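Since we're looking at a predicted model, the values are computed, not measured. The first residue in the sequence is number 1, and the count goes up from there.
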Amino acid sequence: MEILTRELIKQLLSVKHTPCLSLYMTTHRSHPENQQDPIRFQNLVKQLEESLLEQHSAMDVEKFLEPFEKLGNDKEFWSHTLDGLAVLGSAEFFKVIKLPITVQEFAVVADSFHTKALRKYLQSEDRYHVLSLGLNNIRLFEGSRHSLVEVKLHPDIPQTITEALGAELTEKHSTVASYGGVGGASSDMHHGHGGKKAEVDKDAERFFRVIASAIYDHYSKPSGLPLILAALPEHHSLFQKVNKNPFLLPTSITVNTESISTDKLIELAWEVMEPDYLHKLESLAQKFEQAKANDLGSDNIKEVVEAAEAGRVDTLLVEADRVIAERLRNKVTGTFKQADSTQPILDDLLDDIGELVTRMDGKVMIMPAEKMPAKTGLAAIFRY
């Protein structure tokens, strides 16, 4: 399993071994809906096989598809899927990516991996992490305006204060219990010899320092996503005191996440995230307008392609859900060719330009149509 990051996208775009096999499908989280997922997967693998046999021997095709077949027979894997799945493989490369979004189903063999759905998800500016913090339970979620998915924590991250500190607990005789409060909320109550609250707080502070560092190293730093803290009132100040994660938003959620529904947590998280999201979109639009006024930006497609080819595009803003049914004839030279307008998954000029910018280490960001500072579907800010 792979965590979807910009670095992974760059890795996928740099793979030179052909053919490249790309398989995308919607999956289901629960029984009985997920029972059909392995069958649909095998049908898509069959499509890959038919395409491969047109140009490769049966022996080579069997080798190409071996990891796909192994995944199809992994019952444990199919019992723990999310909303979407991307499986990408070549002769010396194989990646499986679970997605918290549905994707259009297709399987294609080409000379490069199909990464449009992955890049569009990463390039959306409404994504965030929520850290559910407690002394006896640490959980991390990845969310957007409309969804929230729990992230399986890295094995190096302790999930309880005892697991993190062990014998180093300063309050050797203290126990921590959870007591119900008003509205289903709970708080961590400490009792022991003398009720040494200062030492208990010291333990919590050391635990939170470990968690803050681990979340930054394993999630915030690789993804660059804003982090929202969700915790009981008494834990907020302690965590803020030890936190050095620059992605932590100053506004947090005061709640016991165990006592509310996922839909409610999405609502609370978006209340925190929305002002930051809108400010980011407005700042990007203003930055483009200023760059364009200084001849360091353009919304002309041909000018942007030429700049992307030369590695001059620093940031590319792309209109969400906009499709231009042309393709770059060559993603290195930047020339155009007419595309099949019935195949927006595979044929989209805006997506090809986005891929070219990504290859040249530029940033690509998806923006809703009403926030775009241009009518052409894209707006580029140049490095020079």
Side-chain angles (χ1 to χ4, degrees), residues 4-22 24 86 88 90 93 95 97 103-104 106 108-125 224 284-285 287-288 291-292 295-341 343-367 369 372-384:
L4 185 55
T5 64
R6 288 179 171 84
E7 290 305 315
L8 177 58
I9 295 296
K10 289 180 180 179
Q11 186 182 2
L12 292 171
L13 294 176
S14 67
V15 169
K16 304 298 183 184
H17 303 288
T18 59
C20 294
L21 284 58
S22 303
Y24 287 80
L88 307 149
S90 66
F93 188 92
K95 298 290 184 183
I97 306 166
V103 291
Q104 193 160 343
F106 72 98
V108 63
V109 178
D111 57 3
S112 62
F113 289 121
H114 183 76
T115 60
K116 178 178 179 178
L118 304 180
R119 287 183 287 109
K120 284 204 167 185
Y121 175 68
L122 280 181
Q123 292 157 3
S124 298
E125 292 299 305
L284 286 168
K287 187 177 180 181
F288 167 74
K292 187 179 180 183
D295 293 324
L296 287 173
S298 177
D299 56 5
N300 180 283
I301 290 178
K302 288 186 177 180
E303 290 179 2
V304 172
V305 170
E306 290 173 2
E309 179 189 0
R312 292 174 50 223
V313 176
D314 175 78
T315 304
L316 180 70
L317 310 179
V318 179
E319 183 178 323
D321 302 321
R322 179 83 172 265
V323 173
I324 298 178
E326 289 183 332
R327 298 202 68 188
L328 291 181
R329 184 182 302 277
N330 186 315
K331 292 176 185 176
V332 176
T333 64
T335 54
F336 301 152
K337 69 176 180 179
Q338 190 64 33
D340 180 357
S341 61
Q343 294 293 325
I345 290 181
L346 303 176
D347 296 328
D348 177 8
L349 180 60
L350 295 177
D351 180 62
D352 280 357
I353 297 171
E355 181 178 328
L356 179 58
V357 170
T358 300
R359 287 179 183 273
M360 303 300 284
D361 290 326
K363 298 184 292 290
V364 181
M365 299 180 179
I366 305 294
M367 295 184 68
M372 276 293 292
K375 301 297 184 183
T376 60
L378 54 70
I381 299 169
F382 301 150
R383 295 187 171 109
Y384 56 89

Gap between atom NE2 of H17 and atom OG of S112 - 0.5 Å precision: 14.5 Å
Salt bridge K363-D314, side-chain N to carboxylate O under 4.0 Å: yes
Sole residue of D351, I366, V364 in side-chain contact (heavy atoms from CB on, under 4.5 Å) with R119: D351
R312 side, atom CZ; E303 side, atom CD - distance, nearest 0.5 Å: 9.0 Å
Heavy-atom pair of closest approach, residues A369 and E319: CB-OE2, 3.5 Å
Nearest-0.5 Å distance, CG of residue L284 to CD1 of residue I381: 6.5 Å
Check: V15 and S90 side chains under 4.5 Å, non-hydrogen atoms: yes
Contact check, side chains of F93 and Q11, non-hydrogen atoms, under 4.5 Å: yes
Side-chain heavy atoms of P19 within contact of D111, under 4.5 Å: no
Minimum heavy-atom distance Y384-A310, with the two atoms named: OH-O, 3.7 Å
Heavy-atom side-chain contact between V318 and I353 under 4.5 Å: no
T376 side chain to D299 backbone, donor-acceptor under 3.5 Å: yes
Parallel, tilted or perpendicular, as decided by the 30° and 60° cut-offs, for the rings of H114 and F106: perpendicular
From OG1 (T358) to CD (E355), nearest 0.5 Å: 7.5 Å
salt_bridge(E306, K302) N-O dist < 4.0 Å: no
Shortest non-hydrogen separation from V357 to A308 and the atoms involved: CG2-CB, 3.8 Å
Beyond-backbone contact of I301 with V305, side-chain heavy atoms, under 4.5 angstrom: yes
Smallest separation among heavy atoms of L12 and F113, with atom names: O-CD1, 3.5 Å
Polar side-chain atom of T115 near backbone of L118 as donor-acceptor pair, under 3.5 Å: no
For T315, all residues meeting side chain to side chain donor-acceptor pair (under 3.5 Å), sequence neighbours excluded: none
Test log, rule side chain to side chain contact (heavy atoms under 4.5 Å, CB included), inputs L317 and M372: CA-CA 8 Å; L317 310 179; M372 276 293 292; 4.1 Å; yes
Inter-residue atom distance K292.NZ - N300.CG, 0.5 Å rounding: 9.0 Å
Salt bridge D348-R322, side-chain N to carboxylate O under 4.0 Å: no
Side chain to side chain contact (heavy atoms under 4.5 Å, CB included) assessment of V323 paired with L350: CA-CA 7 Å; V323 173; L350 295 177; over 6 Å; no
Over 12 foreign heavy atoms within 6.0 Å of NZ, K120: yes
Polar side-chain atom of T18 near backbone of C20 as donor-acceptor pair, under 3.5 Å: no
Inter-residue atom distance L316.CG - M367.CE, 0.5 Å rounding: 11.5 Å
Close side-chain approach of T5 to L122, heavy-atom, < 4.5 Å: no
Considering all heavy atoms, the nearest A86-Y24 contact: CB-CE2, 3.5 Å
Shortest non-hydrogen separation from S298 to V304 and the atoms involved: O-CG2, 3.5 Å
